[in-house]
Undergrad: 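Here you go, one structure.
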Amino acid sequence: MKNRKNFQIYNSLSGKKEIFEPLNDNFVGMYVCGPTLYSEPHMGNMRTFINFDLIYRYLLHLGFKVKYVRNITDAGHITNSAGQEEDSIGKAARLEQMQSLEIVYKYNVKFQELQRIYNLLPPSIEPTATGHIQEQIEIIEQILDNGYAYVVNGSVYFDTKKYMKDFNYGILSGRKVDELENETRTLNAQDEKRFFADFALWKKANPEDMQIWRSPWGDGNPGWHIECTAMSTKYLGKHFDIHGGGMDLKFPHHEDEIAQSCGSFGCNPAKYWMHANMLNVNGQKMSKSFGNYFLPKEIIEGTTNLFKKAYPANVLRFFMMQAHYRSTLDFTETALDASEKGFSRLTDGLNLIEKLNISESSSFDVQSLVDSFYAAMNDDFNAPILIANLFEAVKQINLINDGNVTISKLDKDLLETEMKGFIFNVLGLEIASSNNDSILKPVMELVLDLRQQARANKDWTTSDKIRDGLAAAGIIVKDGKEGSSWN
RNA sequence: GGUCUCGUGGCCGAGAGGCUAGGCACCGGUCUGCAAAACCGUCUACAGCGGUUCGAAUCCGCUCGAGACCUCCA
């Protein structure tokens with residue numbers, strides 16, 4: 001597997017890039033925290049899933065057998081720092097006058113549709129929290145047995161102080177608990193917890209709760225963090241390769257997952273922890289609470305007033321791939337326009353490669369160009385560098401086309417295969433073949449034929465009238481050496 | 001208030017002690033009836049001020065600015 005040479009992943013646990021060595025030979029187990037479906041995921045949410053889709057795709061491209069688990073949160077009692085319980089799904093359900101699972105189903109249908117539109121590969125499995133209540137209870141029991149949790153009034157809390165005697169709480173986020181106490185802004189209503197840093201594993205039911213489950217501690221709901229521990233363990237085992245999620249989940253969610261796994265099985269669930277960075281709008285994180293968000297569908301339909309026009313999903317994907325997954329990315333109209341043009345340059349180059357003239361030998365080093373594709377992605381999935389290298393390939397293709405550079409048959413085949421592999425399979429960009437509208441196509445052929453006749457007769461008035469008329473209808477005619485094309 | 005991250009050319013973004021990505025825009029050219037498109041070429045930036053070094057955008061310090069987390073969050 002020469003292409004896996006020096007394949008490195010940035011591990012949030014160590015804060016360094018590490019050579020990637022799977023636990024089991026050629027197999028990779030990857031768990032990514034999915035969405036809470038109380039509303040439609042926004043573009044920022046999608047960025048994380050698109051980034052992990054890139055990671056999944058590249059692992060597959062390198063020949064790994066990957067089991068990719070991404071959960072759907074459809075249950076869970078959440079307690080904020082003020083001690084107030086919030087059930088966002090239940091809240092949405094009451095607002096929309098639906099059952100909780102109806103809400104989740106409704107938004108899951110939309111989420112699945114978005115995944116298709118944005119060309120995300122389906123994970124191996126998308127388990128739901130509500131489908132794994134029993135597993136969650138069993139892990140809580142195990143944590144209780146090990147002495148790292150306690151029961152109060154029908155609720156179960158993780159005993160952080162006890163845990164800290166044996167393990168390092170804060171190993172991932174770098175937080176020190178004694179500092180945390182001072183940092184926490186509000187400390188009221190900590191009634192049931194023994195210690196402010198303790199978190200709920202199981203919450204006693206409230207009368208207004210829409211979803212309630214039975215447990216050894218009475219009717220209630222699982223805590224937010226325990227579902228991921230239960231589902232990752234069930235499908236990937238107690239210790240697996242990669243655990244991913246958005247940067248904002250690092251603390252407390254991922255930190256608490258580690259505590260739960262250590263507290264029940266004695267080991268950190270994942271060897272590599274990966275965190276994708278946020279999508280920004282005007283320098284600020286896109287989020288529901290800031291209200292600066294837009295929906296992934298709005299932008300491809302052009303119905304958000306943030307942008308003048310619609311952008312295809314491909315362009316958005318390409319735009320996001322031009323930034324590294326660990327960097328924040330600013331969403332602006334000019335940046336999107338730049339990506340759209342750049343993307344069409346890339347696709348034009350790719351379409352041109354098939355028509356290239358073959359020479360006896362190549363006048364440039366095709367193999368090292370191809371190697372640079374792998375080198376980029378092997379360096380912690382550096383898609384921006386990959387794209388830069390693909391543009392270098394496009395430049396060579398254009399030079400070949402102009403007759404300034406030569407390529408051999410063998411090299412042409414290599415370059416074509418690898419470019420297609422990286423653009424389609426790794427970056428997940430689908431290149432829509434234009435001119436495929438079944439009704440429009442023959443009409444356009446006729447119109448362009450008439451215009452060509454006019455041009456041949458130097459009847460510029462007619463030919464320009466056709467061109468301007470089509471332009472008004474949104475169809476751009478391009479006059480090339482080998483006839484005219486349109487889109 | 002605490003912890004952390006980041007400030008790169010007109011814009012978006014990589015890089016991370018010497019080899020100074022890439023895209024878009026601009027400008028020049030080729031092509032073209034004209035235009036558009038396409039293609040080729042040009043364009044040397046790293047917040048400020050100090051320091052370390054033969055050499056710093058990259059390391060250290062300070063200042064200014066932005067953001068994230070500490071609450072649900074992708």
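Sequence lines set the chain letters: A, B, ... in the order given, protein chains first and strands last, and positions in each chain run from 1.
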Undergrad: In whole angstrom, give me the gap between the P atoms of B/A36 and B/G29.
TA: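 After rounding to an integer number of Å, I get 13 Å for this pair.
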
Undergrad: For B/G65, give its Watson-Crick or G-U wobble partner with both distances under 3.5 Å, or none.
TA: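 WC or wobble partner is B/C6.
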
Undergrad: Between B/A16, B/C12, B/A25, which one does the side chain of A/F319 approach most closely?
TA: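 Nearest listed nucleotide: B/C12.
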
Undergrad: Would you please name every residue forming a side-chain hydrogen bond (donor to acceptor under 3.5 Å, both in side chains) with A/N108, sequence neighbours left out?
TA: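 Testing A/N108 for side-chain hydrogen bond (donor to acceptor under 3.5 Å, both in side chains), a comparison that skips the adjacent residues, returns none.
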
Undergrad: With the side chain of A/R455 defined as its heavy atoms from C-beta on, choose the nearest nucleotide among B/C34, B/A14, B/C40.
TA: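 The closest nucleotide is B/C34.
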
Undergrad: Output one line per pair: protein atom, nucleotide atom from nucleotides 65-69 of chain B, and distance, for all N/O pairs under 3.5 Å.
TA:
residue	atom	partner	partner atom	Å
B/C69	OP1	A/K285	NZ	2.2
B/C69	O2'	A/R175	NH2	2.7
B/C69	O2	A/R175	NH2	3.1

Undergrad: Nearest to the side chain of A/F391, heavy atoms from C-beta on, is which of B/C12, B/G22, B/A74?
TA: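 Comparing B/C12, B/G22, B/A74 against the side chain of A/F391, the answer is B/G22.
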
Undergrad: Starting the side chain at C-beta, find the nucleotide from B/A16, B/A21, B/G33 nearest to A/D379.
TA: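 Closest nucleotide to the A/D379 side chain: B/A16.
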
Undergrad: Under 4.0 Å between any heavy atoms, over every strand shown, what does A/S327 touch: base, sugar-phosphate, or nothing? Just pick one.
TA: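 Here A/S327 touches the backbone only, sparing every base.
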
Undergrad: Please list all pairs passing the side chain to side chain donor-acceptor pair (under 3.5 Å) test where one or both residues lie in residues 385-405 of chain A, with sequence neighbours left out.
TA: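 Every pair satisfying side chain to side chain donor-acceptor pair (under 3.5 Å) with a residue in residues 385-405 of chain A: A/S372-A/N389, A/E392-A/Q396.
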
Undergrad: Return the nearest nucleotide to the side chain of A/I385; candidates are B/C11, B/A14, B/A74.
TA: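 Side chain of A/I385 sits closest to B/A14.
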
Undergrad: With a non-hydrogen cut-off below 4.0 angstrom, is A/A335 in contact with a base, only sugar-phosphate, or nothing?
TA: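 The answer is sugar-phosphate, as A/A335 gets under 4.0 Å only of primed atoms, P, OP1 or OP2.
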
Undergrad: For B/C31, which nucleotide is its Watson-Crick or G-U wobble mate, given both distances must be under 3.5 Å?
TA: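 The base-pairing partner of B/C31, which may sit in any strand shown, does not exist here.
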
Undergrad: Might you list the N or O atoms of the protein lying below 3.5 Å from N or O atoms in nucleotides 41-47 of chain B, with each pair's distance?
TA:
none

Undergrad: Looking for any heavy atom pair under 4.0 Å, which part of the strands does A/A323 touch: base, sugar-phosphate only, or nothing?
TA: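 The residue A/A323 makes sugar-phosphate contact but no base contact.
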
Undergrad: Does A/E418 have any side-chain hydrogen bond (donor to acceptor under 3.5 Å, both in side chains) partners at least two apart in sequence or in another chain, and if so, which?
TA: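 Listed in chain order: A/Y374.
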
Undergrad: B/G13, B/C34, B/A74: which one has an atom nearest the side-chain heavy atoms of A/L279?
TA: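 Given the options B/G13, B/C34, B/A74, the side chain of A/L279 is closest to B/A74.
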
Undergrad: Paired with B/U58 by Watson-Crick or G-U wobble geometry, both distances under 3.5 Å: which nucleotide is it?
TA: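 WC or wobble partner does not exist here.
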
Undergrad: Run the side-chain hydrogen bond (donor to acceptor under 3.5 Å, both in side chains) test against A/D365 and tell me which residues pass, sequence neighbours left out.
TA: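 With sequence neighbours excluded, A/D365 shows a side-chain hydrogen bond (donor to acceptor under 3.5 Å, both in side chains) to A/S368, given in chain and number order.
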
Undergrad: Quick check for you: among B/C12, B/A21, B/G33, whose closest atom lies nearest to any side-chain atom of A/P384?
TA: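 Of the candidates, B/A21 comes closest.
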
Undergrad: What pairs meet the salt bridge (Lys or Arg N to Asp or Glu O under 4.0 Å) rule with one or both residues in residues 273-283 of chain A, with sequence neighbours excluded?
TA: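 Counting only pairs at least two positions apart or across chains, no salt bridge (Lys or Arg N to Asp or Glu O under 4.0 Å) contact touches residues 273-283 of chain A.
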
Undergrad: Looking at the rings of A/F381 and A/F7, which for Trp means the six-membered one, are their centres under 6.0 Å apart?
TA: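 That pair passes the under 6.0 Å test.
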
Undergrad: Please, which pairs that meet salt bridge (Lys or Arg N to Asp or Glu O under 4.0 Å) have at least one residue in residues 336-351 of chain A, sequence neighbours excluded?
TA: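 Sorted result for residues 336-351 of chain A: A/K309-A/E340.
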
Undergrad: So A/M46, base contact, sugar-phosphate only, or nothing? Heavy-atom distance under 4.0 Å.
TA: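 Nothing, no heavy atom under 4.0 Å.
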
Undergrad: In terms of side-chain heavy atoms of A/D402, which of B/G33, B/A74, B/C39 is nearest?
TA: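 Between B/G33, B/A74, B/C39, the one nearest the side chain of A/D402 would be B/C39.
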
Undergrad: With sequence neighbours excluded, tell me which residues meet side-chain contact (heavy atoms from CB on, under 4.5 Å) with A/M210.
TA: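 For A/M210, the residues satisfying side-chain contact (heavy atoms from CB on, under 4.5 Å) (neighbours in sequence not counted) are A/A93, A/R94, A/S100.
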
Undergrad: Of the options B/G23, B/A38, B/A21, whose atoms approach the side-chain atoms of A/D348 most closely?
TA: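 The answer is B/A38.
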
Undergrad: Aromatic ring centroids of A/F319 and A/Y311 under 6.0 Å?
TA: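 Not close enough - the centres of the two rings lie 6.0 Å or further apart.
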
Undergrad: Check every atom of B/A14, B/G22, B/G33 against the side chain of A/Q322 and return the nucleotide holding the closest atom.
TA: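 The answer is B/G22.
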
Undergrad: Check this for me, if you would: do A/K250 and A/E255 make a salt bridge, where the nitrogen-to-carboxylate-oxygen distance has to be below 4.0 angstrom?
TA: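 Salt bridge absent between A/K250 and A/E255.
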
